[in-house]
Colleague: 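Got a structure for you, questions after.
Read the numbers this way: they start at 1 and go in the same order the structure lists the ligands and their atoms. Start at 1 with the first residue, then count along the sequence.
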Amino acid sequence: MKTTVFGKLPDGREVHQYTLENRSGAVAQVIDYGATVTSLKVPDRNGRMDDVVLGYDSLQGYMEGTAYFGAIVGRYGNRIGKGRFSLDGKDYQLTINDGENHLHGGKIGFNKVLWEAKPGGADEASLLLQYTSRDGEEGYPGTVTLKVTYTLTDNNELRIDYDGTTDKATVLNPTQHSYFNLSGSFENTILDHLLMIDADGITPVDKGLIPTGQIADVADSPMDFRRPMAIGAHIDDRNEQLAFGKGYDHNWVLKGSAGKVAELYEADSGRMMTVFTDQPGLQFYSGNFLDGSAIGKNGVSYKHRSGLCLETQAFPDTPNKPQFPQVTLRPGQTYRQTTIYQFSTK
Ligand code: BGC
């Protein structure tokens with residue numbers, strides 16, 4: 001595996017970039033800062049390789065950026081209302097970093113720390129990254145060790161395996177935060193991409209994007225992606241949920257049988273991305289907060305809705321919503337997640 005120095009942190013530690021290449025010529029690059037996927041090159045229907053994930057050219061971009069491009073987010077991907085929860089009768093206050101709420105692990109989440117990388121092993125196109133988060137970090141109880149393994153399979157799948165442990169009861173709900181644009185050019189928006197999500201419900205949110213606790217049927221609403229639909233078809237409809245999210249920024253309630261949960265297709269390139277996961281929820285975020293101010297790879301400014309995230313995880317705010325599937329992790333238990341983004345053409 002090719003390893004290069006990507007940059008240096010202010011404290012002098014080096015950040016490395018690892019290049020994973022499979023037998024079909026697809027290439028994924030990952031840095032140990034934030035366990036971040038910095039590029040992912042997959043073929044279009046004519047075999048042309050293009051990068052399909054947004055990101056920066058330099059470490060500085062990732063250090064200063066606020067969009068979580070390509071990173072592993074945690075401990076808790078998504079929001080916890082007012083950053084508060086109680087567990088086993090104890091109250092915890094997490095860092096508030098999104099209005100009055102806690103988002104994506106706080107000010108210095110898993111995306112803003114250096115992970116320990118263990119490349120290679122038996123499979124050349126596989127990289128294990130590990131981070132130990134200390135007891136009390138961003139307000140969370142327990143020392144948590146999270147291992148994330150990225151594998152680029154010969155079938156053009158980016159496979160992500162998670163393994164997490166703790167020494168005290170805590171909550172753990174990490175996710176991968178890549179922004180995809182399958183068109184081959186980040187100058188294009190994702191509004192023409194066709195999306196299918198195999199889910200009958202979403203968890204509606206309030207104006208701070210905290211779930212109300214209900215599950216709403218997607219039928220007869222802009223949230224109905226049970227059949228492939230262009231993302232732009234209804235994104236600007238008059239709809240309270242879309243207004244709160246400034247577009248799509250919601251959790252779809254998956255059916256719970258680990259397998260295919262979503263499909264994303266871009267007709268000009270013919271690229272198709274199929275998402276498989278064992279998680280209960282899928283946050284579809286249509287890049288509504290991108291506003292052209294982030295200058296990405298090759299100097300391209302990432303305009304409104306030029307990338308979208310399909311984040312596999314538990315529902316938002318589960319510690320305060322006992323009716324949702326919980327993510328409490330106790331000593332002796334192991335958190336596991338497997339998610340696959342599979343690329344093909346048609
Ligand atoms: C959230 C958005 C948030 C974005 C930050 C997404 O996962 O759902 O609300 O603005 O991350 O990049």
Side-chain angles (χ1 to χ4, degrees), residues 34-38 53-56 61-83 94-112 138 160 173-181 186 190 195 197 199 202-212 223 231 235 240-254 262 264 275 277 279-296 301-318 327 337 339 341:
T36 304
V37 175
T38 53
V53 292
L54 275 54
Y56 299 104
Y62 289 101
M63 286 173 55
E64 290 169 3
T66 55
Y68 304 85
F69 289 141
I72 296 292
V73 298
R75 291 185 195 189
Y76 199 95
N78 219 307
R79 293 176 175 78
I80 296 182
K82 302 203 167 64
L94 308 174
T95 310
I96 302 299
N97 63 331
D98 184 63
E100 57 176 13
N101 300 317
H102 175 88
L103 173 67
H104 291 338
K107 284 208 173 85
I108 305 179
F110 290 1
N111 61 309
K112 296 278 185 199
E138 300 292 329
I160 309 151
N173 183 33
T175 190
Q176 220 292 331
H177 210 283
S178 284
Y179 286 65
F180 297 98
N181 180 325
F186 301 133
I190 46 76
L195 177 64
I197 304 176
I202 63 153
T203 50
V205 289
D206 66 17
K207 60 178 179 352
L209 300 185
I210 300 297
T212 60
M223 306 297 178
I231 291 169
I235 198 169
E240 187 180 55
Q241 287 301 309
L242 290 175
F244 288 161
K246 300 187 169 52
Y248 295 107
D249 195 353
H250 297 84
N251 168 65
W252 269 255
V253 177
L254 301 176
L264 183 69
V275 185
T277 191
Q279 291 298 291
L282 181 73
Q283 182 84 10
F284 162 38
Y285 168 56
S286 53
N288 312 310
F289 294 108
L290 297 176
D291 59 3
S293 61
I295 308 298
S301 80
Y302 292 143
K303 61 184 181 212
H304 195 219
R305 299 175 177 162
S306 57
L308 69 99
C309 303
L310 291 170
E311 305 158 49
T312 57
Q313 57 197 135
F315 305 171
D317 201 31
T318 58
V327 294
Q337 173 183 165
T339 293
Y341 296 102

Colleague: Pick from Tyr179, Phe289, Phe69: which one makes a ring-ring contact (aromatic ring centres under 6.0 Å, His included) with Tyr302?
Modeller: Phe69

Colleague: Please check if atom CD1 in Ile108 has more than 12 non-hydrogen atoms from other residues, nucleotides or ligands closer than 6.0 Å.
Modeller: no

Colleague: For a quick check under 3.5 Å, do Thr318 and Tyr76 share a side-chain donor-acceptor pair by atom type?
Modeller: yes

Colleague: Identify all pairs of nitrogen or oxygen atoms, one from ligand 1 and one from the protein, separated by less than 3.5 Å, and list them with distances.
Modeller:
| unit_1 | atom_1 | unit_2 | atom_2 | d |
| --- | --- | --- | --- | --- |
| ligand 1 | 7 (O) | His104 | NE2 | 2.9 |
| ligand 1 | 7 (O) | His177 | NE2 | 2.8 |
| ligand 1 | 7 (O) | Glu311 | OE1 | 2.8 |
| ligand 1 | 7 (O) | Glu311 | OE2 | 2.7 |
| ligand 1 | 8 (O) | Asp249 | OD1 | 2.5 |
| ligand 1 | 8 (O) | Gln283 | NE2 | 3.3 |
| ligand 1 | 9 (O) | Arg79 | NH1 | 3.1 |
| ligand 1 | 9 (O) | Arg79 | NH2 | 2.8 |
| ligand 1 | 9 (O) | Asp249 | OD1 | 3.4 |
| ligand 1 | 9 (O) | Asp249 | OD2 | 2.4 |
| ligand 1 | 11 (O) | His104 | NE2 | 3.0 |
| ligand 1 | 11 (O) | His177 | NE2 | 2.9 |
| ligand 1 | 12 (O) | Ala67 | O | 3.0 |
| ligand 1 | 12 (O) | Tyr179 | OH | 2.9 |

Colleague: Does a side chain donor of either Glu311 or Asn78 reach within less than 3.5 Å of an acceptor in the other side chain?
Modeller: no

Colleague: Gln283 pairs by side-chain hydrogen bond (donor to acceptor under 3.5 Å, both in side chains) with which of Asn251, Thr203, Asp249, Thr312?
Modeller: Asp249

Colleague: Verify the neighbour count for atom NZ of Lys82: are there more than 12 heavy atoms of other residues, nucleotides or ligands below 6.0 Å?
Modeller: no

